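Below is one structure, written out as structure tokens; comments come after it.
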Amino acid sequence: KARLKSSPAPLHSEMLAKISCLALVGSAAAFTAPTMPLRSGASTMQMSAQGNAVKVAAAGAALLVAAPAFAADSGAGEKIFTANCAACHAGGKNSVVPDHTLEKDAIEKFLTGGFNEKAVATQVTNGKGAMPAFGGRLSDEDIANVAAYVIESSEEGW
């Protein structure tokens, strides 16, 4: 059966462009030339680099927080699922606890947090009961992709 594949590339490129622009502007602002005070005879120099660097860091942090999340890729999730999950969950089944399948009804009934990608990602990351935690073995992106694949496959009936 055909799977829809979402592509995070446009968002990724857009975010990189924003970050690059911010870094370029921030670099120019942070390294302005020192200025001499207007009073004659003063021996201190005023520098604005530290103040500007703080502003640049704050702006960069705001940009990263406000940046849209990457869409999970269920096609990539299918490959990760096959390599890491299918031993127990082939075809959406559960070979260890048979009634705790990856069918939509079972996920709604048994999964803490309900039928959504975030709840599946939490389960995959932390494990529960007989299911081991994959948080130390798979990246956050891989786990998000697996969660997207599981939800999509469950909606389609595996």
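Nothing here was measured: the structure is a model prediction, and the numbers come from that model.
Considering every non-hydrogen atom in both A144 and A72, the closest pair reads O-CB, 3.4 Å. Taking all atoms of both residues into account, the shortest heavy-atom contact from A119 to G113 is CB-C, 3.8 Å. Listed here is the closest heavy atom pair of N94 and V96: OD1-N, 2.9 Å. The two residues H89 and F81 make their nearest non-hydrogen contact at O-CZ, 3.3 Å. The shortest heavy-atom contact between V146 and C85 is CG1-SG, 4.4 Å.
Using a 4.5 Å cut-off between side-chain heavy atoms of Ile, Leu, Val, Met, Phe, Trp and Tyr, with links allowed through other members, Y149 and F115 fall into the same hydrophobic cluster.
The closest side-chain heavy-atom distance from D105 to E108 is below 4.5 Å. At least one side-chain heavy atom of I107 sits under 4.5 Å from a side-chain heavy atom of V150. Here the side chains of M131 and V124 are in contact, with some heavy-atom distance below 4.5 Å. Looking only at side-chain heavy atoms (C-beta outward), N84 and R137 stay at 4.5 Å or farther from each other. Side chains of L111 and V120 form a contact here, defined as non-hydrogen atoms less than 4.5 Å apart. Proximity of S74 to N145: side-chain heavy atoms (C-beta onward) are nowhere separated by under 4.5 Å. Residues F134 and I80 are not in side-chain contact: their nearest non-hydrogen atoms beyond the backbone lie 4.5 Å or more apart. Looking only at side-chain heavy atoms (C-beta outward), E103 and K93 come within less than 4.5 Å of each other.
With hydrogens and angles ignored, the 3.5 Å screen pairs no side-chain donor or acceptor of S153 with any backbone N or O of W158.
Between the OG1 atom of T101 and the NZ atom of K109 there is a distance of 10.5 Å, given to the nearest 0.5 Å.
With a 6.0 Å radius and a threshold of 12 heavy atoms from other residues, nucleotides or ligands, D99 has its CG atom above the threshold.
Between the side chains of T112 and K128, at least one donor-acceptor pair of N or O atoms lies under 3.5 Å.
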